[in-house]
Amino acid sequence: AASVNLAVVRRLTDLLERCGASVSLTRSGDEPISIPERIYLVNRSGAELALGLRHGKPPEGFESGRLVLHYPGSERGRRIAERLSSALVSLPPGGTLPVREWTSSFLQQTAGTACELYCGPVENGAIESLMGDESWRGLEAERILAAIAQHFGFESAATARMTVRVLSNGAPVIAATVDIDRFSVRSTGPDGAAMFDSIEPGRHIVTVRAPDGRAARATKRLGPGESG
């Protein structure tokens, strides 16, 4: 789980710094660090948001392996927790991503807004397989970036949007499956369109599969704040 945490955090750090954000990490490798040390480093940095990213089992008493925790009564914590949940709930393998209150020392003693994000226990075989995929880890980082960007109001600098329209002989194709980089999946509606928000700027592989089995693939490059 620690290696997955670091891979996602490094990717997220790169994305945030491209947007002009200042990012501090409590660790840069596999070295062990205690909770008090984490809290000290977070408070020393003066961070406006402290995000604890976990890919292990959640605290005892929580049934869901995927959830977002914030300190009881923290309105700012609740708002960012809800944004994180909304951004990540459809991340494969899917399922629910509830927001809950919790009184961990990390949430209680950090000076700024804090959340703990549990993205699923790596001990789960299906989740472990996904976490080993670089594209999946990149998508998780993008979804977290989208939630943070929305919370702090720099969405236009952080993400792009894409609309894929599927036609056959000029007519819209309904219920075609469209995926971006294999993991972000949508179905086309009555107008033959599938819309994707909060995409990382850059080059993406788009794959379309029609209900009759026909498939096509193309690449698309988008800049920050761009819609394509």
Side-chain angles (χ1 to χ4, degrees), residues 1 4-5 7-9 11-13 15-16 19 21 23 38 42 47-108 110 112-124 126-128 130-131 133 135-156 158-162 179-181 183-187 194-200:
V4 177
N5 287 349
V8 175
V9 165
R11 180 62 177 149
L12 178 60
T13 297
L15 295 173
L16 284 165
C19 297
V23 182
R38 289 180 192 272
V42 168
E48 293 183 66
L49 173 65
L51 179 62
L53 184 62
R54 323 281 189 233
H55 291 87
K57 292 181 179 179
E60 187 176 351
F62 291 99
E63 295 182 3
S64 175
R66 303 171 71 227
L67 71 160
V68 192
L69 304 176
H70 68 90
Y71 190 71
S74 171
E75 183 62 23
R76 290 182 179 178
R78 181 189 62 79
R79 285 201 300 266
I80 183 62
E82 288 178 348
R83 287 189 169 111
L84 286 164
S85 175
S86 178
L88 288 159
V89 68
S90 62
L91 184 72
T96 61
L97 189 60
V99 173
R100 297 287 186 266
E101 294 183 336
W102 188 240
T103 54
S104 70
S105 55
F106 177 80
L107 295 174
Q108 184 177 17
T110 48
T113 304
C115 284
E116 292 188 66
L117 173 59
Y118 287 84
C119 296
V122 74
E123 294 83 1
N124 179 304
I127 295 177
E128 182 180 14
L130 287 170
M131 289 179 181
D133 192 297
S135 295
W136 186 92
R137 297 195 300 266
L139 181 59
E140 182 181 322
E142 290 173 26
R143 298 284 177 86
I144 297 172
L145 170 70
I148 294 173
Q150 184 183 29
H151 185 74
F152 287 103
F154 60 90
E155 294 164 278
S156 62
T159 60
R161 297 181 177 183
M162 185 186 299
D179 74 66
I180 296 179
D181 301 329
F183 288 113
S184 190
V185 183
R186 301 283 189 277
S187 293
M195 292 176 286
F196 298 82
D197 293 320
S198 304
I199 301 172
E200 179 196 353

Just how far is it from atom [atom1] of [X] to atom [atom2] of [Y], taken to the nearest 0.5 Å?
| X | Y | atom1 | atom2 | value |
| --- | --- | --- | --- | --- |
| C115 | E82 | SG | CD | 10.0 Å |
| T113 | L51 | OG1 | CG | 11.5 Å |
| E155 | L145 | CD | CG | 10.0 Å |
| R11 | E142 | CZ | CD | 6.5 Å |
| I144 | I148 | CD1 | CD1 | 7.0 Å |
| N5 | L117 | CG | CG | 9.5 Å |

Answer yes or no: is there a side-chain heavy-atom contact under 4.5 Å between [X] and [Y]?
| X | Y | value |
| --- | --- | --- |
| P58 | L69 | no |
| H55 | E140 | yes |
| Y71 | T103 | yes |

What are the two closest non-hydrogen atoms of [X] and [Y], and how far apart are they?
| X | Y | result |
| --- | --- | --- |
| M195 | R186 | O-NE, 3.4 Å |
| S135 | D181 | CB-O, 4.2 Å |
| L107 | W102 | CD1-O, 3.6 Å |
| I199 | M162 | CD1-CB, 3.5 Å |
| F106 | A50 | CZ-CB, 4.0 Å |
| S184 | F196 | O-CE2, 3.4 Å |

side-chain contact (heavy atoms from CB on, under 4.5 Å) evaluation trace for F152 with I80: CA-CA 9 Å; F152 287 103; I80 183 62; 5.7 Å; no
Set of salt bridge (charged side-chain N to carboxylate O under 4.0 Å, His left out) partners for D179, sequence neighbours left out: R209
Pairs of donor and acceptor atoms involving the side chains of residues 83-94, under 3.5 Å and at least two apart or interchain, shall be tabulated with distances.
from : atom 1 : to   : atom 2 : distance (Å)
R83  : NH1    : H151 : ND1    : 3.0
S85  : OG     : L97  : O      : 2.5
S90  : OG     : R143 : NH1    : 3.2

Atom CZ of R76: over 12 foreign heavy atoms under 6.0 Å: no
Heavy atoms of other groups near E48 CD, more than 12 under 6.0 Å: no
Cation over ring face, R54 and F62, 6.0 Å, 45°: no
